[in-house]
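Heads up: the structure comes next, in structure tokens.
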Amino acid sequence: MTTTNTQTGTNVHEVAEGIFRINTPVPPSIIPGGFSFNQFLLVSDEPLLFHTGPRKMFPLVSEAVGSVLPVESLRHIAFSHFEADECGSLNEWLAAAPYAQPVCGRIAALVSVDDVADRPARAMGDGEVLALGGHRVKWLDAPHLPHGWETGYLFEENSRTLLCGDLFTQPGRGESSVTEDDILEPSEIFRGKMDYFSHSTNAPALLERLAMTEPTTLACMHGSVWRGDGATLLRALSNRLAGE
Ligand SMILES: [Fe+2]
Ligand SMILES: [Fe+2]
């Protein structure tokens with residue numbers, strides 16, 4: 001693990017082959033219990049960043065990306081849904097990386113991104129694959145899971161990594177880059193305090209579709225990356241939601 005900013009503790013760690021987690025902890029004085037924001041950098045012929053981080057964190061995240069590859073070499077700025085921590089600094093990235101394009105679902109492009117972003121989005125259809133030259137990512141629509149009509153996820157096929165955004169959000173600083181310990185209980189305890197789920201009736205079917213990708217790495221946006229039988233964990237989350 002490399003710390004790229006000693007003041008904030010922003011750090012970079014390779015969590016799967018060619019996939020780097022950029023983690024910035026948020027001190028407990030701002031969010032009780034602490035919290036963290038992760039972005040994922042996929043190093044390929046066409047490098048992709050999944051989530052930009054909040055706009056005010058752009059200097060930290062770009063410093064961290066710059067420790068792995070030149071920021072201007074980024075080609076894709078992808079994100080799950082339209083919220084500040086997912087895409088708040090999108091235009092800063094588009095300015096810093098002149099060949100980069102926003103990558104999101106069709107609803108996100110239609111409703112928000114093609115209005116707000118300085119360059120048009122590459123709007124991904126459900127099941128569409130983007131070959132990056134090294135990594136291959138498939139877009140999976142997941143409306144309202146856990147929130148946001150426009151929500152979707154990317155599944156990286158070679159490493160079987162599901163970039164699962166806000167699913168399994170864990171409290172704390174996300175100190176362990178990767179864990180094999182249970183993350184369902186910590187994330188359920190967090191959700192008990194701050195329920196960020198929309199409780200859409202489609203959630204079980206969408207979670208089943210994600211489970212069918214059989215991921216072995218779950219790249220969580222908040223907390224540690226998890227390694228294990230992702231299908232079983234996604235179905236366990238579905239059962240918890242069904243029990244409410
Ligand atoms: Fe979110
Ligand atoms: Fe988030």
Side-chain angles (χ1 to χ4, degrees), residues 21-24 26 31 35-42 47-62 65 71 74-97 99-130 132 137-156 162-169 187 190-191 194-203 206-207 209-210 218-223:
R21 180 186 86 146
I22 297 164
N23 165 267
T24 300
V26 177
I31 297 181
F35 199 60
S36 66
F37 293 101
N38 298 331
Q39 302 81 38
F40 294 92
L41 177 61
L42 276 60
L48 178 145
L49 182 67
F50 190 69
H51 295 148
T52 68
R55 187 170 62 89
K56 290 176 182 169
M57 273 189 193
F58 177 72
L60 294 171
V61 182
S62 58
V65 167
V71 168
L74 284 172
R75 295 291 298 274
H76 307 279
I77 310 295
F79 47 94
S80 159
H81 54 278
F82 196 80
E83 227 174 9
D85 53 340
E86 276 79 6
C87 63
S89 61
L90 177 59
N91 284 331
E92 281 78 355
W93 287 101
L94 295 179
Y99 300 106
Q101 192 175 17
V103 173
C104 58
R106 286 184 179 157
I107 297 292
L110 180 73
V111 172
S112 298
V113 180
D114 278 343
D115 180 59
V116 172
D118 289 337
R119 286 201 289 279
R122 173 166 183 149
M124 301 285 282
D126 185 39
E128 195 178 331
V129 173
L130 186 57
L132 303 174
V137 287
K138 182 191 274 188
W139 179 267
L140 297 161
D141 277 342
H144 305 292
L145 180 71
H147 50 243
W149 177 28
E150 70 282 11
T151 295
Y153 299 105
L154 285 177
F155 175 66
E156 201 289 306
L162 180 65
L163 297 155
C164 67
D166 288 337
L167 297 176
F168 305 105
T169 286
S187 69
F190 181 84
R191 192 167 69 80
M194 256 184 162
D195 192 1
Y196 55 93
F197 270 66
S198 68
H199 298 277
S200 151
T201 50
N202 289 330
L206 294 171
L207 284 165
R209 278 195 72 216
L210 295 177
L218 297 177
C220 303
M221 184 179 190
H222 307 284

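All of these numbers come straight from a predicted model, not from anything done at the bench.
- Side-chain contact between L145 and L207 is present, with at least one heavy-atom pair separated by less than 4.5 Å.
- Outside the 6.0 Å centre-distance limit, the rings of F197 and H147 are not counted as a close aromatic pair.
- Between A109 and C104, the shortest heavy-atom distance links the atoms N-SG, 3.7 Å.
- Distance check: L167 CG to S187 OG gives 9.0 Å after rounding to the nearest 0.5 Å.
- A donor-acceptor pair is defined here as one N or O able to donate and one able to accept, closer than 3.5 Å; such a pair exists between the side chain of R119 and the backbone of L94.
- Between atom CG of residue L140 and atom CE of residue M124 there is a gap of 9.5 Å, rounded to the nearest 0.5 Å.
- Checked by atom type and distance alone, the side chain of T151 never pairs as donor or acceptor with a backbone atom of H144 at under 3.5 Å.
- Counting only heavy atoms from C-beta outward, the side chains of F155 and V137 never approach each other to under 4.5 Å.
- In this structure, CG on L206 lies 9.0 Å from OH on Y153, to the nearest 0.5 angstrom.
- Side-chain contact between W93 and S62 is present, with at least one heavy-atom pair separated by less than 4.5 Å.
- Rounded to the nearest 0.5 Å, atoms CG (L218) and CG (L162) are 6.0 Å apart.
- With values rounded to the nearest 0.5 angstrom, H51 atom NE2 is found 9.0 Å from Q39 atom CD.
- With respect to H76, the side-chain contact (heavy atoms from CB on, under 4.5 Å) criterion is satisfied by exactly one of L42, L130, L49: L130.
- Counting heavy atoms from C-beta outward, T169 and M194 have side chains that stay 4.5 Å or more apart.
- D126 places a side-chain heavy atom less than 4.5 Å from the side chain of R209.
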Where do D166 and E86 land on the side chain to side chain contact (heavy atoms under 4.5 Å, CB included) test, with the steps shown first? CA-CA 9 Å; D166 288 337; E86 276 79 6; 3.2 Å; yes

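- A84 and T52 make their closest contact through O-OG1, 4.5 Å (heavy atoms, listed as atom of the first residue, atom of the second, distance).
- For the pair D114 (side chain) and A121 (backbone), a donor-acceptor distance under 3.5 Å is present.
- Using modelled atom types, no side-chain atom of S89 and backbone atom of F58 make a donor-acceptor pair closer than 3.5 Å.
- Between the side chain of D141 and the backbone N or O of G125, no donor-acceptor pair lies under 3.5 Å.
- When all heavy atoms of G223 and N38 are compared, the pair lying nearest together is O-ND2, 2.7 Å.
- Put simply, the side chain of L90 reaches to within 4.5 Å of the side chain of F79, judged on heavy atoms.
- Atom OH of Y196 has more than 12 heavy atoms from other residues, nucleotides or ligands within 6.0 Å.
- Formation of a donor-acceptor pair under 3.5 Å by the E150 side chain with backbone atoms of F82 is found in this model.
- Residue P120 comes nearest to Q101 through the heavy atom pair O-CG, 3.3 Å, listed as atom of the first residue, atom of the second, then distance.
- Rounding to the nearest 0.5 angstrom, the gap separating the CZ atom in F40 from the SG atom in C220 is 7.0 Å.
- Judged by distance alone, the side chain of N91 and the main-chain N or O of V116 form a donor-acceptor pair under 3.5 Å.
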